[in-house]
Amino acid sequence: MRTLKDVKVGQTVKVTKLNGTGAVKRRIMDMGITKGVEINVRKVAPLGDPMELNLRGYELSVRKADAEMIEVE
C-alpha cells in the first residue's frame with residue numbers, strides 16, 4: 001500500500017482508495033480528491049508539511065496527515 005505521503009516531488013499518481021471516515025473523508029473528497037483522479041506533487045515544504053499538489057486544473061495544499069489517508073498507484 002502506497003500513500004500520497006510517499007510520493008516524490010515531480011511524480012504524478014492516480015488515486016486508488018480513500019481511507020478515513022466521516023468528516024475527514026468528506027473533506028478530502030470536497031477538495032476534489034476522489035478515486036481515479038490524477039495528482040501531481042509540485043512541492044513539499046522543507047519540513048515535509050504541507051504538500052503542494054496539482055489536480056483537476058488547480059493547486060491544492062494538503063497536510064501530511066491527510067496525505068496518509070490517500071492510497072495511490
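As the structure is a prediction and not an experimental result, all values here were calculated from the model. Starting from 1, each residue takes its place in the sequence as its number. Atoms considered below: every heavy atom in the structure, side chains included; atoms not considered: hydrogens, waters and symmetry mates.
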**Q** For the CG atom of L60 and the CG atom of L55, what is their distance to the nearest 0.5 Å?
**A**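 It comes to 5.5 Å.
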**Q** Of all heavy-atom pairs between L4 and V72, which one has the smallest distance, and what is that distance?
**A**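 For L4 versus V72, the nearest heavy atoms are N-CG2, 4.0 Å.
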**Q** List the atom of K8, the atom of V41, and the distance in Å for their closest heavy-atom pair.
**A**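 Smallest interatomic distance, heavy atoms only, reads O-CB, 3.8 Å.
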**Q** Any salt bridge linking K14 with E73? Criterion: basic side-chain nitrogen under 4.0 Å from a carboxylate oxygen.
**A**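 Salt bridge flag = no for E73 with K14.
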**Q** What are the two closest heavy atoms between V7 and Q11, and how far apart are they?
**A**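 Closest heavy-atom pair between V7 and Q11: CG1-OE1, 3.4 Å.
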**Q** Could you pull out all residues at least two apart from R42 that satisfy side-chain hydrogen bond (donor to acceptor under 3.5 Å, both in side chains)?
**A**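 side-chain hydrogen bond (donor to acceptor under 3.5 Å, both in side chains) check on R42 returns E52, E59.
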**Q** Which heavy atom of R63 sits nearest a heavy atom of D49, and at what distance?
**A**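 Nearest heavy atoms, R63 then D49: CA-OD1, 3.3 Å.
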**Q** Which atom names give the shortest non-hydrogen contact between E71 and N19, and what distance separates them?
**A**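 Taking E71 first and N19 second, the nearest heavy atoms are OE2-ND2, 2.9 Å.
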**Q** Looking only at heavy atoms, which two atoms of T3 and E68 are closest? And how far apart?
**A**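 Minimum heavy-atom contact is CG2-O, 3.3 Å.
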**Q** Rounded to the nearest 0.5 Å, what's the gap from CG on N54 to NZ on K43? Could you check?
**A**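 The distance works out to 10.0 Å.
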**Q** Applying side-chain hydrogen bond (donor to acceptor under 3.5 Å, both in side chains), can you list everything that pairs with N40, at least two apart in sequence or on another chain?
**A**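 T12.
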**Q** Does the pair V62 and M69 meet the rule for a side-chain contact (heavy atoms from CB on, under 4.5 Å), with working shown?
**A** CA-CA 11 Å; V62 175; M69 293 184 221; over 6 Å; no
